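This report refers to the structure that appears directly beneath it.
Atoms considered below: every heavy atom in the structure, side chains included; atoms not considered: hydrogens, waters and symmetry mates. Values in this document were obtained by computation on a predicted structure and should not be read as measured data.
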There are 2 protein chains.
Amino acid sequence: VSETTKTRIGIVGYGNLGRGVETALRNSPDQELVAVFTRRDPASLSLAYSGVPVVPLADVEQWKGKVDVMILAGGSATDLPEQGPDLALHFNTVDSFDTHADIPVYFDKVNARAREGHHLALISVGWDPGMFSLQRAYAQAILPDGDTQTFWGRGVSQGHSDAIRRIEGVENGVQYTVPIEDAVRAARAGLGAKLTTRDKHHRVAYVVAAPGADLERIEREIKTMPKYFADYDTTVNFISAEELARDHQGMPHGGFVVHSGWSSDGTQHTIEYKLNLDSNPEFTGAVLAAYARALWRLWNAGERGAKTVLDIAPALLSPKEGAELRAELL
Amino acid sequence: VSETTKTRIGIVGYGNLGRGVETALRNSPDQELVAVFTRRDPASLSLAYSGVPVVPLADVEQWKGKVDVMILAGGSATDLPEQGPDLALHFNTVDSFDTHADIPVYFDKVNARAREGHHLALISVGWDPGMFSLQRAYAQAILPDGDTQTFWGRGVSQGHSDAIRRIEGVENGVQYTVPIEDAVRAARAGLGAKLTTRDKHHRVAYVVAAPGADLERIEREIKTMPKYFADYDTTVNFISAEELARDHQGMPHGGFVVHSGWSSDGTQHTIEYKLNLDSNPEFTGAVLAAYARALWRLWNAGERGAKTVLDIAPALLSPKEGAELRAELL
């Protein structure tokens with residue numbers, strides 16, 4: 001691929017995920033990062049690998065025609081609900097919107113703006129939603145008489161870690177989500193539908209408390225926090241700031257999708273897809289970069305509006321051509 | 001789905017795989033089996049579940065316009081190389097052609113005949129090639145700096161079992177392919193590229209010898225058989241016909257694809273897709289039925305020629321609509 005025909009990629013947002021996308025693009029033969037867009041002071045950002053311009057997000061429209069695909073690396077709580085529809089009007093976009101319950105509404109909004117601007121937008125790309133969604137769809141289409149269970153971990157949940165850090169008297173904290181082995185066995189045996197939320201995962205927190213803080217109260221507030229912890233068995237460990245820095249700095253994650261189904265009476269099959277990730281944002285960034293390739297091909301083929309990973313053929317993710325894929329991978 | 005709008009499916013060939021397809025169609029809300037085609041005497045076949053006509057394959061052209069998708073359930077050695085191109089001229093077809101090295105040539109032949117007849121043909125559908133191919137493609141597109149290894153088993157290899165049964169003095173036999181744990185660990189650690197054929201699998205044979213047969217010679221002939229056994233460590237167990245009937249009648253199979261790759265120096269991720277199948281032909285039949293659904297949608301959308309699983313978006317396999325899939329599965 002010659003330099004001039006590389007797909008020009010922009011990254012919107014330069015937190016952990018934005019850096020993950022930048023990292024992934026270094027391994028991509030046919031894509032090049034051309035700019036990073038931020039709401040922060042551009043002078044305050046130094047990029048990890050690239051010498052490309054850092055541009056105020058307010059100036060993004062000046063980059064129309066200079067960016068083929070924008071990868072939106074903002075968060076699902078407040079960034080993407082605004083940025084997703086807004087940017088789809090002006091650019092082709094890929095995002096990792098991951099608030100499962102809000103996906104239908106978000107899809108409709110992005111779809112409308114993308115169509116209005118004659119662009120293509122891929123929403124909810126990553127591993128869950130994303131690669132896990134694919135596996136759920138494939139498995140249920142092949143074995144409709146069955147049950148699918150998704151397990152997360154062992155890995156760090158940023159949302160739950162943030163929730164702990166908001167408690168009074170907490171200086172820092174990290175939360176690991178851990179699948180419960182008995183539940184995994186039940187899912188493989190096809191008994192997953194009987195599992196409750198509490199059966200599937202437990203939560204393990206490592207907390208640095210402020211000097212003199214009431215540890216009993218902190219532990220109680222964590223364990224009873226609605227939505228985040230109340231429905232789970234949670235273990236709270238108080239540790240020092242030094243221990244947290246030494247043992248809990250990575251962002252490992254992963255999980256697995258288990259589908260157990262029957263093709264006929266007594267004939268059972270198990271399909272399992274498992275991810276074991278050293279870095280959640282670097283892996284998610286790599287998925288976003290691969291889907292940016294697919295998006296650019298489909299946009300050039302005339303596709304417009306919003307799509308998800310379920311709408312994208314696997315071959316479109318690869319830089320290789322069809323004949324090469326058939327010979328090497330089929 | 002009303003009866004009249006169901007997709008009309010034909011099955012060509014009624015061995016284990018043909019029966020597997022028939023079984024899968026019982027779980028399909030939007031497809032109906034309309035005929036089974038055979039080279040045998042139709043009167044000699046009794047279908048497991050269906051009351052549909054059994055038709056001599058020689059009369060298949062009389063069914064043009066009465067079958068929407070033909071699922072070809074013949075073997076890759078002698079059936080499909082002829083039937084695949086021939087039938088693609090007259091029908092939309094899905095097959096499970098699985099001779100990996102011959103796929104490019106087979107694809108070209110089927111593609112030419114399908115285009116000539118304005119049909120769509122999906123080749124090499126099943127689990128390997130098929131679902132495993134997808135997983136290899138997804139994983140390598142996301143983490144190009146990595147290594148993919150495929151393991152088969154523990155499961156029965158029909159080809160190797162047949163090879164054993166052709167040896168003089170063998171009355172019956174079953175061969176299991178078994179992954180070697182050390183090799184699986186190496187693949188997960190990203191060291192898979194160093195593995196040899198012998199490192200990855202061993203082969204375990206259960207053989208019923210004829211009375212008075214030379215067991216040493218049989219064992220030697222198995223272990224030194226080129227292509228099938230010579231490159232592997234093989235264990236040969238002589239058992240009675242009763243033991244074979246009691247313990248080795250199923251057709252379990254499975255295996256897994258392991259991709260280990262790096263997103264940056266020292267940051268490693270493992271992607272693993274695993275199948276554990278009670279019945280190889282029933283699972284393969286279920287995959288074929290799901291892809292027949294995708295094919296029919298794509299043919300109606302104007303697609304012609306040959307395609308593989310790599311060209312098919314996951315959503316097309318499901319009887320559910322896009323909005324339903326986004327709400328439930330994404």
Practice item. Determine the option with the most heavy-atom pairs under 4.5 angstrom with chain A, choosing from B/G20, B/P314, B/A141. Key: B/P314

Practice item. Check each atom of B/F107 against the heavy atoms of chain A and say whether the ones under 4.5 Å are side chain, backbone, both or neither. Key: side chain

Revision key, fill the gap. Bottom line for B/A323: the part with an atom under 4.5 Å from chain A's heavy atoms is neither

Practice item. To the nearest 0.5 Å, tell me how far A/L134 CG sits from B/L330 CG. Key: 9.0 Å

So between chain A and chain B, what donor-acceptor pairs come in under 3.5 Å?
unit_1	atom_1	unit_2	atom_2	d
A/S133	OG	B/L330	O	2.6
A/Q135	OE1	B/Q135	NE2	3.0
A/Q135	NE2	B/Q135	OE1	3.0
A/R136	NE	B/L329	O	2.9
A/R136	NH2	B/L329	O	3.2
A/R136	NH2	B/L330	O	3.0
A/Y138	OH	B/Y138	OH	3.2
A/S263	OG	B/E282	OE1	2.5
A/S264	OG	B/E282	OE1	2.8
A/S264	OG	B/E282	OE2	3.2
A/Q268	N	B/D278	OD2	2.9
A/Q268	O	B/D278	N	3.1
A/H269	ND1	B/D278	N	3.3
A/T270	N	B/N276	O	2.8
A/T270	O	B/N276	N	2.9
A/E272	N	B/K274	O	2.9
A/E272	O	B/K274	N	2.7
A/K274	N	B/E272	O	2.7
A/K274	O	B/E272	N	2.9
A/N276	N	B/T270	O	2.9
A/N276	O	B/T270	N	2.8
A/D278	N	B/Q268	O	3.1
A/D278	N	B/H269	ND1	3.3
A/D278	OD2	B/Q268	N	2.9
A/E282	OE1	B/S263	OG	2.5
A/E282	OE1	B/S264	OG	2.8
A/E282	OE2	B/S264	OG	3.2
A/L310	O	B/A315	N	2.8
A/A315	N	B/L310	O	2.8
A/L329	O	B/R136	NE	2.9
A/L329	O	B/R136	NH2	3.2
A/L330	O	B/S133	OG	2.5
A/L330	O	B/R136	NH2	3.0

Point to revise | Contacts of type side chain to side chain contact (heavy atoms under 4.5 Å, CB included), residue A/A186, not counting sequence neighbours | key: A/L191, A/L195

Practice item. Would you mind checking which part of A/A289 comes under 4.5 Å of any heavy atom in chain B, side chain (CB onward), backbone (N, CA, C, O), both or neither? Key: neither

Exercise for review: Can you tell which part of B/A24 gets under 4.5 Å to a heavy atom of chain A, answering side chain, backbone, both or neither?
Suggested key: neither

Exercise for review: Go through the steps to decide whether B/M131 and A/I271 satisfy the test side-chain contact (heavy atoms from CB on, under 4.5 Å), and finish with yes or no.
Suggested key: CA-CA 10 Å; B/M131 300 312 295; A/I271 304 172; over 6 Å; no

Check your understanding: Non-hydrogen atoms of chain B under 4.5 Å away: do they reach the side chain of A/I312, the backbone, both or neither?
Key -> backbone

Check your understanding: Using non-hydrogen atoms only, which part of A/V257 is less than 4.5 Å away from chain B: side chain, backbone, both, or neither?
Key -> neither

Review point. What distance separates A/L310 CG from B/L317 CG, expressed to the nearest 0.5 Å?
Key: 10.0 Å

Practice item. Find the one option among A/A290, A/A101, A/A286 whose heavy-atom pairs under 4.5 Å with chain B are most numerous. Key: A/A286

